[in-house]
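Below: the structure, in structure tokens.
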Amino acid sequence: MSVVAMAHGQTPASGFAGLRHWRHDLPAGLQVALLWTPFSLGVALASGAPAVAGLISAIVAGLLFPLLGGSHVTVSGPAAALAPVLLWGMLLLGQGDLATGYPLVLVAIVLTGVLQLVLAALRAGRYATMLPATVVEAMLAAIGIMIVVRQLPALMGAVGGPSTSVVASLQRLPAQLSHADWAAAAVGLSGLALMFGLRRLQSGWWRWLPAAIIVSALGAVAAAAMGLGPELRIRMPEHVVDGLHWPAFAEAAAAPHLWLTMALVVFTFTMIDGVESVASVKAVDKIDPWRRQSDANRTLRAMGVCNVASGMMGGLTVIPNAVPSRANIEAGARTLWSNLYSGLALLLFALALPALLSRIPLAAIAAILIYIGWRLCEPALFVRMATIGRDRFIVFVGTVVAILATDLLLGMLIGVALELVLLIYLLMPSVRYVITGRLTLKAAFELLATNFAGMFRSPVLRHRTEQREGRTHHLLTLGSLVGFNLLPLERTLKNLPAADGVEFRFTESARIIDHSAAEFLLHTEEEFASRQRPFAVAGLQNFQRFSAHPLAARMQEPNIAEQRAQNDERAEQMAALAVRLGLTFDPSTRGTINRHGFVYLRRGDQREECNVSEGTLGGWRLRVFDYGHTSAPDYHVVHRHTLVVLERNAPPWACDFVLTPGHYLERYLVQMAERTDDADVPPDYRLYTNGAGDPLPMRWSTEVLQTLGPLYLEARRDALLVFSPARALERGDQVENVVRGMLGWLNQAVPGAVADDRLERVGLE
């Protein structure tokens with residue numbers, strides 16, 4: 001057997017042992033450096049700082065982060081989401097003067113790093129998770145709007161100073177655009193169109209070269225051809241060392257009137273950094289091919305060291321960043337050392353190419369930033385929030401408006417207040433109970449106070465254990481579960497033995513499970529399934545969901561069970577298929593749990609399923625369902641396929657394998673080896689395995705695969721996943737043909753295959 005690309009099945013080692021993966025991390029780091037170059041320059045310009053400050057912070061983060069650890073494939077550096085915060089701090093400390101505010105904001109960055117080190121020592125990183133998920137997403141959406149609005153003048157070649165708020169920026173926009181340079185505008189608009197166009201290209205060499213570097217390079221060529229002046233291009237020092245700035249400690253110490261403002265800026269930086277860092281690290285952990293978990297406190301400590309070093313050298317704040325981290329993973333990175341290679345490459349660029357970087361037009365950088373801002377606030381995000389529930393939409397829109405009308409810190413506090421007010425309203429006894437005398441006013445307030453206090457106490461009302469089939473199971477009786485009291489439950493779970501089973505039981509006193517808690521339950525179930533640990537949740541049938549979304553909040557009302565959604569046309573079609581095959585059918589939407597560890601089901605985010613048919617057919621356990629998920633580049637657009645999962649105690653394959661049409665899912669199959677010696681593999685298909693021997697004791701059926709597909713086949717342990725990547729939701733008759741073809745084909749390899757008259761009724765042979 002010849003192996004073209006062997007990937008080790010074991011989890012890559014962290015720390016210095018991970019250096020042996022340099023063959024994978026080095027090219028990934030170089031690709032990330034290409035992305036970081038224009039990205040970090042743009043973040044610095046959007047922050048009101050010199051462009052070189054962005055490169056300095058990216059270099060510092062790249063060189064230090066791998067030595068400090070805390071995560072596994074996360075890339076750290078300056079973030080576009082922090083640019084409006086840095087600009088706000090610079091204008092506030094400099095009293096409207098960026099030149100004065102820049103060295104003072106460096107002081108704030110250093111103090112932020114020191115405070116992060118203190119918080120990491122106190123193990124306070126976990127508390128960032130208490131901020132409602134909706135408020136965090138609203139913060140990012142508001143930042144996206146800020147970036148878009150503030151970069152519009154630069155996109156059109158209009159030179160103007162920064163504004164203190166989005167409202168002020170909008171007021172100044174007409175006057176600024178009246179002085180637009182149309183040559184620069186042509187470069188900016190073309191670059192923006194290219195940013196949106198290139199994200200659609202998923203094949204060829206384009207996918208290995210970041211769109212941002214293409215836009216920057218072409219923009220530089222166009223700027224030279226059109227003769228754009230230096231005022232419309234990036235300003236870079238002749239030598240990178242000339243861009244190093246010392247924080248203005250003496251000036252800050254000698255100005256007592258700035259101390260309170262400095263404290264406010266440091267607190268804001270620390271809060272926003274912490275929230276965004278936790279959100280980014282969690283997002284990256286979900287798409288890590290090895291599903292490794294980051295250490296929040298260790299990451300916070302690493303960011304503290306990086307921020308102190310970056311601020312001392314004139315750089316910006318440093319946080320884990322989801323955008324380059326995704327690029328890092330897709331480029332094949334295995335360890336944190338890809339950061340080091342990225343930092344070294346950036347240092348080389350900064351030392352050797354300052355003159356070349358200074359040719360990049362500001363309009364091209366503005367195009368890159370506007371694209372990033374748009375991805376943070378695009379309409380699909382608002383639609384998704386409305387789909388989750390009206391309560392989420394209210395908090396989301398309210399927080400966005402509050403941030404845009406005030407500032408980030410006050411706006412987020414208003415968002416948290418909105419979340420609390422909404423929960424209080426939902427937990428408040430009905431006024432009609434008081435009016436009709438069913439409840440006294442005093443009793444109503446006492447009940448409200450009890451429910452409100454329960455949102456901040458441990459939700460675990462009782463904890464007992466029992467033995468089942470030789471394994472210890474922990475039965476946790478829970479009250480109301482919301483984002484504000486998840487931390488005690490997380491601590492309880494972490495303190496349990498790693499092999500024990502867990503069951504959550506919601507009591508009648510549990511009034512509400514909010515969106516953050518619903519997301520926590522889904523992720524907990526998924527984590528337990530990946531570790532082959534038993535997990536169950538009892539009592540959810542007594543809660544009424546706010547929407548059909550699996551992450552919707554839900555409340556428990558007396559004598560009200562969860563309402564079943566009426567079957568739509570799609571559900572009726574799939575229900576009819578279930579009847580024909582003799583399977584059970586459930587139309588409800590729920591989160592997808594990847595119990596078998598399928599690579600395909602690790603891809604993307606917001607994984608959900610509906611119209612689930614289950615049962616036994618032809619000696620196989622069969623599961624058919626409509627599956628949806630989001631993935632790059634459209635993070636808020638749901639991609640849907642109809643999946644078929646076949647299970648058997650004694651499957652006819654000898655090892656795990658993936659048979660995929662063309663290069664489909666190639667980036668995610670890093671733990672398997674591609675085989676090129678199997679002459680039976682159909683044309684245009686690629687075979688990956690994680691073990692020796694033939695994956696199937698039979699010849700690959702080209703006829704079946706081409707007639708029903710092209711099909712994607714993935715075998716894991718005792719289960720086989722089948723679907724057509726080229727088709728979305730399939731008609732009932734198409735699904736029936738796939739089931740018929742696969743069962744007929746697989747049963748040829750099973751000695752004494754079970755006869756089932758239902759197979760004959762649907763034409764199976």
Side-chain angles (χ1 to χ4, degrees), residues 11 14-15 68-74 116 119-133 136 274-275 277-288 290-303 320 454-468 471-506 510 513-538 551 591 593-595 597:
T11 301
S14 299
L68 302 169
S71 61
H72 302 280
V73 283
T74 307
Q116 287 175 326
L119 292 174
L122 297 174
R123 303 192 62 80
R126 56 192 176 183
Y127 291 106
T129 60
M130 293 182 64
L131 197 68
V136 175
V275 170
S277 295
V278 170
S280 296
V281 166
K282 283 190 173 182
V284 175
D285 284 349
K286 291 178 185 177
I287 60 175
D288 180 2
W290 285 272
R291 307 291 286 178
R292 292 166 289 187
Q293 298 297 310
S294 299
D295 185 325
N297 282 293
R298 194 174 176 188
T299 300
L300 181 62
R301 184 186 66 186
M303 292 305 99
M455 293 193 301
F456 300 95
R457 289 198 303 260
S458 172
V460 182
L461 305 178
R462 185 183 180 191
H463 180 186
R464 63 186 182 87
T465 60
E466 63 180 40
Q467 296 295 319
R468 299 178 189 171
R471 188 197 292 259
T472 301
H473 286 252
H474 298 264
L475 308 181
L476 303 179
T477 303
L478 305 180
S480 291
L481 192 63
V482 296
F484 299 109
N485 68 357
L486 282 175
L487 196 57
L489 181 57
E490 286 183 327
R491 284 202 298 262
T492 299
L493 290 178
K494 287 181 179 179
N495 291 333
L496 299 180
D500 290 0
V502 173
E503 180 178 335
F504 292 162
R505 293 181 179 178
F506 286 96
I513 300 172
D514 74 353
H515 164 63
S516 297
E519 191 172 36
F520 169 79
L521 291 176
L522 178 63
H523 291 163
T524 301
E525 186 174 3
E526 189 173 39
E527 181 182 348
F528 272 61
S530 68
R531 300 172 185 270
Q532 301 296 303
R533 291 179 63 185
F535 180 80
V537 181
L551 299 182
I593 305 302
N594 189 8
R595 301 188 184 282

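Given the structure is predicted, the values throughout are model-derived calculations rather than measurements.
The shortest distance between side-chain heavy atoms of His474 and Pro497 falls below 4.5 Å. Proximity of Ser480 to Phe506: side-chain heavy atoms (C-beta onward) are nowhere separated by under 4.5 Å. When side chains are defined from C-beta on, Leu489 counts as touching Leu478, because their heavy atoms get closer than 4.5 Å. The shortest side-chain heavy-atom distance between Arg292 and Thr11 falls under the 4.5 Å cut-off. For the pair Ile593 and Leu522, the minimum side-chain heavy-atom distance is below 4.5 Å. Side-chain atoms of Leu476 and Leu493, non-hydrogen and from C-beta on, do get closer than 4.5 Å to each other.
Side-chain atoms of His473 do not come within 3.5 Å of backbone N or O of Thr465 as any donor-acceptor pair. Not one N or O on the side chain of Asp288 forms a donor-acceptor pair closer than 3.5 Å with the backbone of His72. In terms of modelled atom types and a separation under 3.5 Å, the side chain of Asn495 and the main chain of Arg491 share a donor-acceptor contact. A distance-only check finds no donor-acceptor pair linking the side chain of Asp285 to the backbone of Gln293 [under 3.5 Å]. Between the side chain of Arg471 and the backbone N or O of Ala499 there is at least one donor-acceptor pair closer than 3.5 Å.
Under a cut-off of 6.0 angstrom, the local environment of CZ in Arg462 is sparse, with at most 12 non-hydrogen atoms contributed by other residues, nucleotides or ligands. The local environment of CZ in Arg531 is sparse, with at most 12 non-hydrogen atoms from other residues, nucleotides or ligands closer than 6.0 Å.
To the nearest 0.5 Å, atom CG of residue Leu486 and atom CD of residue Glu519 are 10.0 Å apart. Atom OG1 of Thr477 is separated from atom CZ of Arg464 by 7.0 Å, given to the nearest 0.5 angstrom. Atoms CG and NE2, from Leu551 and His515 in turn, are 6.0 Å apart once rounded to the nearest 0.5 Å. Interatomic distance, Leu68 CG to Leu300 CG, rounded to the nearest 0.5 Å: 12.0 Å. Here the CD atom belonging to Glu490 is positioned 10.5 Å from the CG atom belonging to Asn485, to the nearest 0.5 angstrom. Atom OG of Ser71 sits about 7.0 Å away from atom CE of Met303, to the nearest 0.5 Å.
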Begin from the C-alpha positions of Gln467 and Thr472 and carry the test side chain to side chain contact (heavy atoms under 4.5 Å, CB included) through to its verdict. CA-CA 5 Å; Gln467 296 295 319; Thr472 301; 2.8 Å; yes
For the pair Glu525 and Arg595, evaluate salt bridge (charged side-chain N to carboxylate O under 4.0 Å, His left out) and give the outcome as yes or no after the intermediate values. CA-CA 9 Å; Glu525 186 174 3; Arg595 301 188 184 282; 2.9 Å; yes
As a quick check of understanding, evaluate side chain to side chain contact (heavy atoms under 4.5 Å, CB included) for Thr524 and Val502, giving each step before the final call. CA-CA 10 Å; Thr524 301; Val502 173; over 6 Å; no
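Pro132 approaches Ser516 most closely through the heavy-atom pair CA-OG, 4.1 Å. Ala529 and Asn594 make their closest contact through CB-O, 4.4 Å (heavy atoms, listed as atom of the first residue, atom of the second, distance). Contact detail for Phe528 and Asp500: the closest heavy-atom pair is CE2-O, 4.3 Å. Taking both residues in full, the closest heavy atoms of Asp295 and Arg298 are given as OD1-N, 3.1 Å, listed atom of the first, atom of the second, then distance. Minimum interatomic distance between Pro320 and Thr74 (heavy atoms only, all atoms of both residues): CB-CG2, 3.5 Å. Across Gly69 and Ala302, no two heavy atoms sit closer than the pair O-CB, 3.6 Å.
Ring-plane geometry between Phe535 and Phe504 is classed as perpendicular, the angle between the planes exceeding 60 degrees on a 0 to 90 degree scale with a lower cut at 30.
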